Amino acid sequence: MFRAFLGIESTAGRRAAIAMIALLILTLALSAYFGYRAYRLPIDDQPLDTDAYRGQRYHLLLIGQEADNPYWQRILTGARRAAQAADVYLDYRAPSTPDPEAPQKLIEWGTFVRVDGILTPGLDPQRYAPVIDRAVAAGIPVITIDTDAPASRRIAFVGTYNYYAGRQAARELVRLTGGRARIGIITGRLDTSSFAERVQGFLDEIHAYPEMHVLAIEASDLSRLFAAEKASQMLQKYPDLNAFFGTSALDGPGIVDALRRHGRAGRVAVVAFDDLPETVAALHSGTIQAIVVQNPELIGEYSIRLMVKTLSGQPVAPLNLTDTHILRHRQLPRRN
Ligand code: BGC
């Protein structure tokens, strides 16, 4: 019957046909497997939160910079609150350690599986604009959060006015040091626009003070360990360094580690970013003197609300800047 089906009479011909069919099946299986792998979740240790799935109206993808980073956890808290209120299934994905390629791959994945909308940090504009544009071209709106990608076709940005926040930090350091400081800057990353804007705002603000000098700017790559290492190197290289500015959430705790290691805690003025519990504890103990506090919960909450508005056809403003305020330690640091 099989022979009849193939319509082949000779044994050799039959073997060749069977071999070709087998090859075809193998090729199909391999391409299905590799196609699946290529578009499989780029972050493989995070299962879908199926408990939260109840056939909601929209499926949104929220991309973070680092899964367990307390700053991103707060963005998630705000986003979850808004998602629940708006009948949205929220899929949070982030690498376990900061990896600039991960959000890019996640945007591609979200586009492939056709979520209804994507919320992502913009990070490196060169790298992110094309993938954001591809998602938007495929009909999936993208909102940037925390870090913008203004050259892309993102619908809107929700986050801190980073340049202004950098100026705020500089004003605090001027106040703390009486306008005379030799400063080390520890910044999250050098290629990320939000940190570059914070540093630029800082530099522009101190420009008016001839005795405020920046000795070095180093990247922590968003790691507390690296922040401590870079701060430590600066303390060794510049014995007259008397001030630090940390631009990302883990830089403050890293700077504190370095100051403690060098026995300089409380003797160097420190302005840090974000009110993580450890940063606030260091403010209480006087190792950090001021914190620029962002509003991550509001960023998360507002971005989901904007996405829902977009998906229901309402217009949204492109720039949505959340406020920052300064948290201060009462005492001025002792001078060297
Ligand atoms: C920044 C985030 C960053 C976080 C890292 C925050 O200050 O706004 O972009 O991911 O620090 O710890």
Side-chain angles (χ1 to χ4, degrees), residues 34 36-49 60-77 79 90-113 115 117-135 140 142-149 151-152 154 157-160 162 186-199 217-230 246-254 273-274 276 294 296 299-300 303:
F34 284 111
Y36 165 73
R37 269 186 67 95
Y39 284 100
R40 212 175 51 136
L41 263 184
I43 309 296
D44 31 40
D45 55 353
Q46 293 171 345
L48 276 172
D49 186 4
L60 302 185
L61 171 64
L62 170 65
I63 299 171
Q65 235 174 317
E66 187 183 12
D68 295 331
N69 183 304
Y71 174 86
W72 284 95
Q73 285 296 321
R74 287 190 191 170
I75 291 190
L76 179 60
T77 302
L90 190 64
D91 194 356
Y92 174 63
R93 303 275 156 185
S96 47
T97 52
D99 167 6
E101 279 190 11
Q104 177 193 343
K105 288 186 185 148
L106 283 164
I107 299 169
E108 284 169 348
W109 174 77
T111 309
F112 181 76
V113 301
V115 293
I118 300 175
L119 305 114
T120 179
L123 302 177
D124 175 355
Q126 305 288 331
R127 179 179 293 187
Y128 282 67
V131 280
I132 291 176
D133 290 355
R134 274 199 290 278
I140 300 166
V142 176
I143 289 181
T144 48
I145 52 169
D146 180 71
T147 310
D148 198 7
S152 72
R154 54 95 173 116
F157 165 68
V158 184
T160 292
N162 288 300
I186 306 290
T187 188
R189 297 185 68 90
L190 296 172
D191 58 2
T192 297
S193 59
S194 53
F195 302 129
E197 287 160 16
R198 288 174 197 179
V199 170
I217 305 178
E218 293 284 351
S220 64
D221 287 334
L222 305 176
S223 142
R224 174 176 178 164
L225 215 63
F226 284 165
E229 199 48 46
K230 296 289 169 62
T247 76
S248 75
L250 300 181
D251 297 340
F273 250 81
D274 300 307
L276 306 192
Q294 302 190 82
I299 294 173
S303 58

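Computation of the quantities below employed the complete heavy-atom set of this structure, encompassing side-chain atoms and omitting hydrogens, waters and symmetry-equivalent molecules. These figures come from a predicted structure and were not determined experimentally.
- Across G64 and A94, no two heavy atoms sit closer than the pair O-CB, 3.5 Å.
- Using a 4.5 Å heavy-atom threshold, the side chains of I145 and L62 count as touching.
- For S223, the side-chain contact (heavy atoms from CB on, under 4.5 Å) partners at least two apart in sequence or on another chain are L225, F226.
- In this structure, the side chains of V199 and L190 stay at 4.5 Å or more apart for every pair of heavy atoms.
- The side-chain contact (heavy atoms from CB on, under 4.5 Å) test applied to P103 returns I63, T120, L123, Y128, not counting sequence neighbours.
- In this structure, the separation between CD on E229 and CD on E218 is 11.0 Å, given to the nearest 0.5 Å.
- In this structure, V113 and L61 have side chains that are not in contact, with every pair of non-hydrogen atoms separated by 4.5 Å or more.
- The minimum heavy-atom distance linking Y92 with E66 is given by the pair OH-O, 3.7 Å.
- The CG atom of D133 sits 10.5 Å away from atom OG1 of T111, with the distance rounded to the nearest 0.5 Å.
- In this structure, L222 CG and Y71 OH are separated by 11.0 Å, a value rounded to the nearest 0.5 Å.
- To the nearest 0.5 Å, atom CD1 of residue I143 and atom CG of residue D148 are 11.0 Å apart.
- The heavy-atom pair separating G188 from S248 by the smallest distance is CA-OG, 3.5 Å.
- Residues passing the side-chain contact (heavy atoms from CB on, under 4.5 Å) test with R127, sequence neighbours excluded: P100, E101, Q104, D124.
- Q65 places no side-chain N or O within 3.5 Å of a backbone atom of T97 that could act as its donor or acceptor partner.
- Smallest separation of non-hydrogen atoms from P98 and D221: CG-O, 4.2 Å.
- Residue T247 is tested with D274, N162, T192, T187 for a side-chain hydrogen bond (donor to acceptor under 3.5 Å, both in side chains); the sole match is T187.
- Pairing each heavy atom of V115 with each of I140, the nearest pair is O-CG1, 3.6 Å.
- V142 and A135 make their closest contact through CG2-CB, 3.8 Å (heavy atoms, listed as atom of the first residue, atom of the second, distance).
- For the atom pair CD1 of I186 and NZ of K230, the computed distance is 7.5 Å after rounding to the nearest 0.5 Å.
- Considering OG1 of T160 and CG of D146, their distance stands at 7.0 Å, rounded to 0.5 Å.
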